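Numbers restart at 1 for each chain; the letters A, B, ... are given by sequence-line order, proteins then strands. All values reported here derive from a predicted model rather than from experimental measurement. Values reported hereafter were calculated over all heavy atoms of this structure, with side chains retained and with hydrogens, waters and symmetry mates removed.
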Amino acid sequence: MELELPDGKILSLPDDATGADAAAAIGSGLARAALAVKVNGEVRDLARPLPEPSDHDGPAKLEIITDRSGEEALQLIRHDAAHVLAAAMMELYPGVKISIGPPIENGFYYDFDFPDGVALSEADFERIEAKMREHIAADEPFVREDVPARDALDRFLREDQDYKVELIEDLVRNDGVPTVSLYTNGPFTDLCRGPHAPSTKRIKAFKLQSVAGAYWRSDSNRPMLTRVYGTAFFSDKELQAYLERVEQARARDHRRLGPQLGLFNFSDVAPGMTFWFPPGTQVFNSLVALSREMGVPRGYTEVKTPQLYDSSLWKTSGHWDKYQEHMFITESADTPMGLKPMNCPGHCQLYSLQPHSYRDLPIRYSEPGLLHRNELSGALHGLLRTRNFAQDDAHVFCTEEQVQDELEACLDFAYETYAIFGFDVRLELSTRPDERLGSDEQWDTAEGHLIQVLDRKGLSYDINPGDGSFYGPKIDLHMTDSLGRSWQIGTVQLDYNMPMRFGLTYTGADNVEHQPVMIHRALMGSYERFIAILVEHYGGELPVWLTPVQAIVLPIADRHLEYARSVRDQLRAADARVELDERTESVGRKIRDAELRKIPYMLIVGDAERESENVDVREHRQGRLGSMPVGDFERRLEEQVKSRSNP
RNA sequence: GCCGACGUAGCUCAGCUGGUAGAGCACUUCACUCGUAAUGAAGGGGUCCGGGGUUCGAGUCCCCGCGUCGGCUCCA
C-alpha cells in the first residue's frame, strides 16, 4: 500500500503493515518516539494493521503521533492514565464497578460505583497514585482485541460489571455492532474503542485532582457514581506548569477578587443572592447606563413592570406548568402568587394593556428588572449563578416580515456591546426541548429563522439540541470564566407562543387583527454574571470608565490635606470618581494600599504640587507619569471615560 | 437536588492522640509628618457555622441541619 506523509513523500509498505511498521520505515528514532498513527484523520494504535487502502482516493495520508503532537498526543496518554487508574482501583477496591473513563480537556476522568459503605475521598489519592505508578513502572502494553459482542457481554456479565454490560447491550441494540474492542493493560481489561499508546510507560507525569459525584449517563434518575478527575503530561515540568496556571487562574476568580476589592459579598442569610457594596453598585449601575445609552438610538424604550403576579398570569404564560420548580411562590389572601423569574410575561401583559397598530411595530420594551429564580442549591456559583439578578433584558414585538431584520439588529447590538470589552463570544443554537409549548410547525419556523439569520451573517455556531426555552429556540452567546468554564452571557430567542397565549394583537394595514412575533433578548445577560466575567477577564483591573474609584489623592503629609481636598473636589465637580486618603501614613504605605485596590491613578500631592497647582500622577502598575496641572489630568480621565478605552 | 470535601477573629490560616482558643494582616489609640508598594508601640476583637449526643471535660469524637467549594456537558 502507499501512504502520503505530511511532507508529501510517498511511503510504500506491504499490505499487512502496522502503524509501527510505518513509523519504523520512516526512521528508527521516530519508531521509538511514536505513540500512535493518524491515517486520514483517524488516530489508531501502532500495533494495528493500517486500514485497507480504498481504490479511488489515492494514497492515505499518514502522520506519526509523538509526544510533540500536542493535544492529540496528550489525549492518548490521558486516556491511558484513565485505564491505569481503573486498574489500580480494581485492585484496591475489590467489587468496584467501572463505567467510563474518557480523556477530556486538560485531563481525564473515570467513573466508579463502589460497593456499599465505601466512600472515596481525596485523602485516598496518595495510595491510588502509588498503585498507578507501579503499573506505569511495569511498562504494561495496551493490547487491543476485537471480539464478538456476545463474548464481551458474557465476560462482563461473569464479572458483574453491570455498566459495561449495559454499554454493550446498547451498542448492539442501537448500532447493531457485531464486534467490540477490548483493551488490556496488565491485569485490567476494559471495553474501549481506543486508541491507546503502546504501553503505560508513556505516561511520564500524572496527578489525581479531585473526586466528584456524577450520574450514570448524566441522568439524575440513575445511580450516582464516583468520578475521579486527573491529568497527565509528557513531563513533570509541564504538569507543574499546568498546576501553576490553574493556581494563577484561581487568583482571578471573581469570588475572591469581588470581596477583596470591596465590590460585593454573600451571606448565609440569603444564599445565592448578592450584597452589593457601594463600589460594586457603581459598576453595576455603569453597565445599566451603558445598556440604556446604547438602546436609545436602536429604538429601545424602557418600561417598568411588577415583581409579583397572580398565578393566573403564570398559567397564561406557561411558566406555572413548565417553570414552576424554578420559581419562588408565595401567597396573599389565599391567592397563590409568583415572583417573576423572567420579564416576558409582564411585558406581554403590558403590551396587551394598549391597542397597537402595525405602524407602531416593532415595539422594543427594555427593563433591567430584578428576577428571582429558585436554582438548585448545588448549582449556585458566586455571581455566575445566583437566585436573584437583573438582565439587560428586552422584548421586541414585531411582524413576521420584520423578524429577520430584528434578529440581525439584536446580533449586531450584541457584537457592538462585546466590542467595548474586547470579548470574544462563542455561539450556540439551542433547539426545541422535550418540555415545550406549541406545535412542531411553529418550532420549525422559529428554528428556521434563527438558522437563516446566522447563515446570512456568516456566523459559525455549535448546535445545542434540546436546550431551547420552553417557549422558543434561541441563539446563546457564551464566554468562559477564569477556570475555563463556559457560561451563557447573551441570548436571542424567538417566540410565537407567548403572543398567542396572551392573545396579543396589532391591527394590520388590512384593518384585521394579527398576532405579533416576540423576540426575547439579553446581550450582557445577567449583570451579575457579566460582572463576574468582567472581573475575571480584567483580573480585577477594570477599565477607567467602569472602575468604582478612578483616582485617589495621596497627600505627602497632613499639611497637604487642604490642597488635596481641593484637588479631589475639582475632579469630582468634573464627574470623576475620586477618593482622598486622609490617613496619617507614609506615602509608601498609601501607594501600596492604592495599588492593592487596583485604583488606576494615584495623585500624589506635596509641597511642590501645592505650589504649582499640579498633581504628580502615578498609574496603577505602570509607575510615575509625571507632574501635571490638575486640569490636564482631568482631561486625560475624561478622554478615557468617553472612549471607554481598555487597559 | 445528588456525591465528596470543607466551615476557628473582618481576611488568610495554626490548633498533635479530647484537658483554660493562637499568629499575621485589617481595626482602635498614641507617637512619628514622611516624595512613589508595608514607620513604630500599645490595645480591642471569638456562639470555634447552628442544634443535639458521647464524656468528669468537646474547636477536636458521633448524629442532624445550614452554608461554601469541586463536580454531576464533552458520548467504550
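Figure legend. B/G45 is base-paired to no nucleotide; pairs are counted as Watson-Crick or G-U wobble with both atom distances under 3.5 Å. Here B/C74 sits opposite no nucleotide as a Watson-Crick or G-U wobble pair (both hydrogen-bonding atom distances under 3.5 Å). A 3.5 Å limit on both hydrogen-bonding distances identifies B/G4 as the Watson-Crick or G-U partner of B/C69. Pairing for B/U55 is absent, with no Watson-Crick or G-U wobble pair whose two atom distances lie under 3.5 Å. Nucleotide B/A31 has B/U39 as its partner under the Watson-Crick or G-U criteria, with both atom distances under 3.5 Å. In this structure, B/G10 and B/C25 make a Watson-Crick or G-U wobble pair, each of the two defining distances being under 3.5 angstrom. Across the strands present, B/U17 finds no partner; the criterion is a Watson-Crick or G-U wobble pair with both atom distances under 3.5 angstrom.
When heavy atoms are screened at a 4.0 angstrom cut-off, A/Ala123 is found touching no nucleic acid atom at all. Within the nucleic acid shown, A/Ile591 comes within 4.0 Å of at least one base atom, counting heavy atoms only. Residue A/Asp268 is in sugar-phosphate contact alone, with no base atom involved, counting any heavy-atom pair closer than 4.0 Å across all strands shown. Within 4.0 Å (heavy atoms only), A/Pro102 reaches sugar-phosphate atoms of the nucleic acid but no base atom. Among the atoms of the strands shown, base atoms are found under 4.0 Å from some heavy atom of A/Glu595. In this structure, A/Ser99 reaches neither bases nor backbone, as no heavy-atom distance under 4.0 Å exists between it and the strands shown. Across all strands shown, A/Asn464 has no heavy atoms under 4.0 Å from either base or sugar-phosphate atoms. Residue A/Glu609 is classed as a base contact, given a heavy-atom separation below 4.0 Å to a base. Among the heavy atoms of the strands, none lies under 4.0 Å from A/Ala594. When heavy atoms are screened at a 4.0 angstrom cut-off, A/Gly378 is found touching base atoms of the nucleic acid.
Checked against B/A76, B/U39, B/G67, the side chain of A/Ser586 finds its nearest nucleotide in B/U39. Comparing B/G67, B/A76, B/G4 by their nearest atom to the side chain of A/Ser121 picks out B/G4. Here the side chain of A/Arg559 is nearest to one of B/C75, B/U33, B/G35, namely B/U33. Each of B/A76, B/G1, B/U68 was ranked by its minimum atom distance to the side chain of A/Leu376; first place goes to B/G1. Proximity note for A/Ala119 (side chain, C-beta onward) versus B/G35, B/A37, B/G4: the nearest is B/G4. When distances run from any side-chain atom of A/Pro271 to the nucleotides B/C75, B/G67, B/A38, the shortest one goes to B/G67. Side-chain proximity of A/Tyr229 to the nucleotides B/U33, B/G70, B/C72 is greatest for B/C72. Proximity note for A/Arg589 (side chain, C-beta onward) versus B/A37, B/U33, B/A38: the nearest is B/A38. You'll find that the side chain of A/Thr584 is closest to B/C34, out of B/C74, B/C34, B/A37.
The 5' end of RNA chain B is approached more closely, in terms of each residue's nearest nucleotide, by A/Asp558 than by the other of A/Asp558 and A/Ile104. If A/Glu375 and A/Leu380 are placed on RNA chain B by their nearest nucleotide, the residue sitting closer to the 5' end is A/Glu375.
For the pair A/Ile168 CD1 and B/C75 P, the interatomic distance rounds to 18 Å; values are reported in whole Å. Atom NE2 in A/His381 sits about 11 Å away from atom P in B/C72, given to the nearest Å. Following rounding to the nearest Å, A/Ile556 (CD1) and B/G35 (C1') show an atom-to-atom distance of 4 Å. What separates CG of A/Leu257 from P of B/U12 is a distance of 13 Å, to the nearest Å. Note: OH (A/Tyr109) to C1' (B/C72) measures 10 Å, nearest angstrom. Between the C1' atom of B/G71 and the CG atom of A/Leu384 lies a distance of 16 Å, rounded to the nearest Å. The CG-C1' distance, from A/Asn185 to B/A76, rounds to 14 Å in whole Å. At whole-Å resolution of the value, CD in A/Glu585 and C1' in B/C25 are 13 Å apart.
Within the 4.0 Å cut-off from OP1 or OP2 of B/G71, at least one side-chain nitrogen or oxygen of A/Arg485 is found. Put simply, A/Arg255 has a side-chain N or O that comes within less than 4.0 Å of OP1 or OP2 on B/G70. At B/A76, none of the side-chain N or O atoms of A/His79 fall inside 4.0 Å of OP1 or OP2 (strictly under the cut-off).
Taking atom C1' on both B/C74 and B/G15, the two are 43 Å apart, rounded to the nearest angstrom. When the P atom is used for both B/A14 and B/U8, the distance is 10 Å, rounded to whole Å. Straight-line distance between the P atoms of B/C16 and B/A26: roughly 28 Å, to the nearest whole Å.
Exactly one residue among A/Gln550, A/His620, A/Gln622, A/Gln640 makes a side chain to side chain donor-acceptor pair (under 3.5 Å) with A/Tyr601. That residue is A/Gln640. A ring pair (Phe, Tyr, Trp, His ring centres under 6.0 Å) with A/Trp276 holds for exactly one of A/Phe264, A/Phe266, A/Phe389; it is A/Phe264.
A cation-pi arrangement, defined by a distance under 6.0 Å to the six-membered ring centre and an angle within 45 degrees of its axis, is present between A/Arg127 and A/Tyr93. Geometric assessment of A/Arg436 against the ring of A/Phe470 yields a negative cation-pi assignment under the 6.0 Å and 45° thresholds.
Between A/His381 and A/His254, the ring-plane angle classifies as tilted under the 30° and 60° cut-offs.
A salt bridge does not link A/Arg217 with A/Asp219: every distance from a Lys NZ or Arg NE/NH1/NH2 to an Asp or Glu carboxylate oxygen is 4.0 Å or more.
Residue A/Thr431 comes nearest to A/Pro465 through the heavy atom pair OG1-CA, 3.1 Å, listed as atom of the first residue, atom of the second, then distance.
Judged by distance alone, with hydrogens and angles left aside, the side-chain atoms of A/Thr200 form a donor-acceptor pair with the main-chain N or O of A/His135 at under 3.5 Å. A/Asp45 places a side-chain N or O within 3.5 Å of a backbone atom of A/His196 that can act as its donor or acceptor partner. In this structure, the side chain of A/Glu579 does not engage the main chain of A/Val549 through any donor-acceptor pair within 3.5 Å.
Taking a 4.0 Å limit (strictly below) on heavy-atom distances, residues 209-228 of chain A reaches RNA chain B at A/Ser210, A/Val211, A/Ala212, A/Gly213, A/Ala214, A/Tyr215, A/Ser218, A/Met224, A/Arg227.
Side-chain rings of A/Tyr323 and A/His326 approach one another, their centers coming within less than 6.0 Å.
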